[in-house]
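Each remark here refers to the structure printed beneath this line.
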Amino acid sequence: MPSNTTAPPAKKKGRRARLLLLLLVLALVAGIGFGGYWGVSTVRASFPQTSGEIRLDKLSGEVEVKRDANGVPQIYADNEADLFRAQGYVQAQDRFYEMDVRRHVTAGRLSEMFGESQVDTDAFLRTLGWRRVAQQEYDSVLSPETKKYLQAYAEGVNAYLKDHEKPADISVEYAALALTNDYAIEPWTPVDSVAWLKAMAWDLRGNMQDEIDRSLLTSRLSAAQIKQLYPAYPYALHQPIVGQGAVDESTGKFDPKAEAGEGDGATTGDTPGNGPGGSDASGTQSQLGALSEVLDTIPALLGPNGNGIGSNSWVVSGNLTTSGKPLLANDPHLAPQLPSLWYQMGLHCRSVSATCRYDVAGYTFSGMPGVIIGHNDKIAWGLTNLGADVTDLYLERVGPDGYLVDGKVKPFDSREEIIKVAGGDDRKITVRSTDHGPLVSDRSSELEKVGQKAPVGNAAPDRGTGYGVSLQWTALQPGRSMDAIFAIDRAKDFTTFRAAARNFEVPSQNLIYADTAGNIGYQSPGKIPRRTKGDGTLPAPGWDSTYRWKGYVPFEQLPYEFNPKRGYIVTANQAVIDEKTYPDLLTEDWGYGSRSQRINDLIESKTKDGGKISPDDMRTMQTDNRSEIATLLNPLLLKIDISDPYVREAQKLLEGWDYTQEPDSAAAAYFNAVWRNVLKLAFGNKLPKELRAEGDCINVRPVDATGPVDEQNKLVRECGQRDPDSAQPDGGDRWYEVVRPLLKQEKSTWWTTPGDRTNQPTETRDQLLAQAMKDARWELTAKLGKDVTTWSWGRLHQLTLKNQTLGTAGPGVVQQLLNRGPWNLGGGEAAVDATGWNAAGGYEVIWVPSMRMVVNVGDWDKSRWINLTGASGHAFHSNYTDQTDAWAKGELLDWAYGAAAVTAATKDTLVLKP
């Protein structure tokens with residue numbers, strides 16, 4: 001499903017509010033379409049001033065803000081406080097509405113902006129307590145230096161707000177909000193910036209949904225079948241990030257050159273798995289089913305969480321490049337958002353010294369100081385999600401007085417939270433926590449209006465069984481990730497880079513590295529728990545203290561590499577290191593390595609026989625769209641004897657296909673439709689309804705249809721055919737590994753289907769594949785027409801960029817004003833060009849390479865980059881989506897870094913004065 005930074009605003013209350021909103025829309029339409037004065041002035045009022053001079057409170061000296069034609073700012077200052085103060089001001093100019101929505105998400109205060117519809121979301125986020133943990137970090141954990149930077153950044157944001165007293169002068173969305181409630185913008189605080197890291201950690205949290213799903217599967221499937229659906233990582237096919245290394249027993253540190261001894265593999269306590277059984281099974285199913293529904297309503301800020309979501313990064317040593325220096329590439333895969341999640345900028349001390357140490361450029365988040373991914377004058381780095389298992393769910397036995405631990409009742413740690421609701425009554429919730437963490441299952445209980453009687457004890461919803469579900473998560477403990485960001489920005493070599501990475505605790509990321517001395521490296525940081533018992537793949541019994549965490553993997557023992565002999569390092573969410581050679585369990589739920597292995601293969605192919613890799617080769621690799629599942633399945637599809645001439649016509653598209661997924665490819669369109677239908681037929685009616693992902697209807701032919709499809713014999717949309725008690729797989733690369741061994745078993749029970757009024761029963765692999773090919777033919781006939789020569793993957797696989805609030809559920813005309821697209825894209829699920837789609841819901845693009853960069857280390861001005869949208873968050877600004885067309889074509893833009901290159905690229909210069 002597409003990720004939304006917020007859920008829809010509340011329904012407009014009262015005829016007058018609806019009329020005012022309609023007038024605003026009509027004014028905007030008139031202003032945009034016909035030059036009407038009020039509409040144009042309203043839209044343009046929020047556009048930033050990018051030239052001339054502005055007085056800025058608390059500056060100690062002049063700051064220059066140079067913007068290129070794409071609106072990307074490069075900031076020049078004489079001291080660090082002024083640098084981050086100016087960063088806050090400039091980001092607020094371009095993106096304050098986005099920043100404001102984000103901080104309301106992280107604080108669980110969306111209802112204050114959008115009303116009643118957000119109460120349940122706020123209640124869950126208050127239960128997690130992101131903002132409370134961020135406040136604890138700021139108060140007692142972060143360094144004084146980091147707090148100084150955060151405070152300076154907040155001062156810059158607030159200086160902008162002071163200069164723009166009317167919300168409509170900040171962003172046009174506020175003009176619409178003003179019609180439905182009395183929302184007032186509050187000053188920015190340092191904690192608002194820190195809290196965003198918690199949101200990022202939430203969407204990159206690892207295997208929590210897999211943990212729930214595995215438990216729910218026990219209601220219908222055997223342990224052996226569940227194991228088939230969650231296969232082990234295919235180490236023999238897809239190489240991990242780190243090729244060798246082990247923890248040296250004499251030093252207690254990871255040594256990337258050491259050979260692992262026998263028996264050094266990961267251990268997880270005395271038993272695999274950890275789910276409670278017996279009479280507790282029904283409590284588990286009830287609670288986890290409810291929790292799964294709650295999680296589906298929580299906005300995914302970065303993208304759909306789960307298998308297939310991740311990023312690509314790789315670095316190649318100068319020995320293998322045309323420049324003789326390292327090349328580094330990164331493209332994080334996140335939900336498509338408008339504006340893009342990323343914000344490009346440069347932060348430069350005019351004279352780098354001990355008192356002003358920053359000369360860094362790259363990508364950051366609006367609302368956060370520093371640079372997250374990029375390079376300085378000595379090093380470059382990139383990030384991908386490591387996917388470590390840093391969450392555990394615990395089934396708790398609860399009662400009115402507390403929860404059970406080792407036969408004794410312990411009292412809850414409880415607090416009350418008041419949720420303010422625009423246009424409605426305040427709501428009160430009670431948040432209860434165990435030693436493991438907050439009782440997240442409470443949030444499916446009824447919320448209380450302030451002043452009314454609460455449900456008894458605000459108990460867990462499943463009062464009949466006396467169970468609840470708590471969440472233990474590393475991000476709910478104060479940490480120093482904000483310290484790490486600034487330290488990485490000013491790191492000068494691999495030693496200082498690793499020292500900075502030590503504090504990058506959550507979310508746990510794969511860090512790749514290159515420097516001007518020619519070195520390349522990798523570090524896996526993060527606070528990763530050690531379990532006394534169990535492996536984190538199933539919910540644990542909270543009443544048994546032997547299932548508690550027993551500390552964390554020491555940073556010194558986490559895997560890393562430095563100048564490996566092979567000359568390159570690839571991270572794309574695959575396994576970090578072979579579990580047989582590493583003593584700690586990082587996770588059982590890696591990405592399955594389709595993208596990473598393809599990148600490895602491309603590098604090896606390019607460099608064999610002395611070949612060299614150029615920067616443009618790196619760009620081309622980023623846009624590689626080959627389908628791995630097609631290499632397995634397509635040869636079998638071509639062998640199926642198809643007698644129906646209309647299905648045979650589609651089958652012929654697959655002959656000679658090279659497995660690439662270009663936007664104009666008819667073969668890619670048909671194959672992906674076949675793959676989707678294979679999954680539906682083989683697995684969809686065998687999985688429990690709790691796992692069901694809502695999708696669009698499957699287009700099928702009527703049961704009595706014969707002959708060609710024409711006006712006398714139309715297709716119909718059969719929405720009612722879906723089994724309400726079944727689920728359809730998402731089609732990610734975990735399913736590649738599920739299907740891979742089954743393709744060799746012609747009579748596996750997975751190929752057996754009972755059939756229905758649209759499909760024939762199947763008993764063998766080839767019968768099911770034939771039925772899938774038939775269903776796919778009629779589905780695409782309905783979607784794309786009966787002439788297969790006019791089919792194309794891009795017409796199915798479209799990207800629409802949506803404003804994350806009014807653009808997702810506002811009035812249709814407002815959506816047209818704020819949203820952009822669609823774009824017909826190539827690429828696909830688990831391809832290197834990971835324009836992801838979910839087979840349970842259709843072919844729409846739901847995650848993308850949210851930015852791309854290729855860093856030419858040491859020759860920085862020859863580096864290239866691009867963003868998904870543009871620098872501006874203001875609809876109708878020239879930099880709103882000015883990079884998207886080039887992004888869709890796989891193109892990159894020049895990335896000016898040095899002073900001379902920046903000056904040459906500068907279009908506007910703004911001077912901020914004390």
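Only heavy atoms go into these numbers, but all of them, side chains included; no hydrogens, no water, no symmetry mates.
- At most 12 heavy atoms of other shown residues, nucleotides or ligands fall within 6.0 angstrom of atom NZ in Lys862.
- Salt bridge absent: Arg103 and Glu98 never bring a charged side-chain N and a carboxylate O closer than 4.0 Å.
- Under 3.5 Å, the side chains of Tyr343 and Gln91 contain no donor-acceptor pair of N or O atoms.
- A donor-acceptor pair under 3.5 Å is formed between the side chain of Arg619 and the backbone N or O of Gly890.
- Counting heavy atoms from C-beta on, the side chains of Lys907 and Ser51 never come closer than 4.5 Å.
- Ring centers of Trp895 and His375: under 6.0 Å apart, within the cut-off.
- A donor-acceptor pair is defined here as one N or O able to donate and one able to accept, closer than 3.5 Å; such a pair exists between the side chain of Asn158 and the backbone of Ala154.
- Between the side chain of Asp68 and the backbone N or O of Asn70, at least one donor-acceptor pair lies under 3.5 Å.
- Comment: Asp192 does not engage Arg102 in a salt bridge, judged by the lack of any side-chain N to carboxylate O separation of less than 4.0 angstrom.
- With hydrogens and angles disregarded, no donor-acceptor distance shorter than 3.5 Å links the side chain of Thr146 to the backbone of Leu142.
- Across all their heavy atoms, Gln151 and Pro190 have their closest contact at OE1-CG, 3.3 Å.
- A donor atom on one side chain and an acceptor atom on the other are found under 3.5 Å apart for Glu173 and Asn803.
- Between the side chains of Arg490 and Tyr358, at least one donor N or O sits under 3.5 Å from an acceptor N or O.
- Look at Asp57 and Lys162 and you find a salt bridge, because one of the NZ, NE, NH1 or NH2 atoms lies within 4.0 Å of a carboxylate O, short of that distance.
- Looking at Asp377 and Lys492, a side-chain N of the basic residue comes within less than 4.0 Å of a carboxylate O on the acidic one, giving a salt bridge.
- Looking at Thr364, its side chain does come within 3.5 Å of a backbone N or O of Gly370 through a donor-acceptor pair.
- The aromatic rings of Tyr174 and Tyr97 sit perpendicular to each other, their planes meeting at more than 60°, with 30° as the lower class boundary.
- In this model, no donor atom of one side chain and acceptor atom of the other lie less than 3.5 Å apart for Ser353 and Ser351.
- Judged by the 6.0 Å and 45° rule, Arg820 forms a cation-pi pair with Phe876.
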Could you go through residues 852-859 and list every donor-acceptor pair under 3.5 Å that involves a side-chain atom there, pairing it with any protein atom two or more places apart or in another chain?
residue, atom, partner, partner atom, Å
Arg852, NH1, Trp887, O, 3.0
Arg852, NH2, Asp833, OD1, 3.2

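- Applying the disulfide bond (SG atoms under 2.5 Å apart) test to residues at least two apart or on different chains, the pairs with a partner in residues 330-366 are Cys349-Cys356.
- For the residue pair Asn312 / His333, a side-chain donor-acceptor distance below 3.5 Å is found, with atom types taken as modelled.
- One N or O on the side chain of His874 and one on the backbone of Ser46 form a donor-acceptor pair closer than 3.5 Å.
- Using a 4.0 Å cut-off between a side-chain N of Lys or Arg and a carboxylate O of Asp or Glu, Glu145 and Arg357 qualify as a salt bridge.
- Side chains of Trp342 and Ser366: a donor-acceptor N/O pair is absent below 3.5 angstrom, by distance only.
- Side-chain contact, Lys420 with Ser111: no donor N or O sits under 3.5 Å from an acceptor N or O.
- Not a single donor-acceptor pair under 3.5 Å links the side chain of Asn503 to the backbone N or O of Ser481.
- Residues Gln883 and Gln344 have side chains that bring a donor and an acceptor to within less than 3.5 angstrom of each other.
- Here the rule is side-chain hydrogen bond (donor to acceptor under 3.5 Å, both in side chains) with Arg67, and of Thr906, Thr50, Asp94 only Asp94 fits it.
- Between Tyr160 and Trp188, the distance separating the two ring centers is not shorter than 6.0 angstrom.
- Checked for salt-bridge contact, Asp169 and Lys166 miss the test: no charged N lies under 4.0 Å from a carboxylate O.
- With no hydrogens or angles considered, a side-chain donor-acceptor pair links Asp359 and His348 at under 3.5 Å.
- Nearest heavy atom pair, residue Ser60 against residue Asn79, reads OG-ND2, 2.8 Å.
- The minimum heavy-atom distance linking Tyr76 with Lys66 is given by the pair CE1-CD, 4.2 Å.
- Using a distance-only test at 3.5 Å, with no hydrogens or angles considered, a donor-acceptor pair links the side chain of Asp82 to the main chain of Gly61.
- Using a cut-off of 4.0 Å between Lys/Arg side-chain N and Asp/Glu carboxylate O, Arg109 and Glu112 are scored as salt-bridged.
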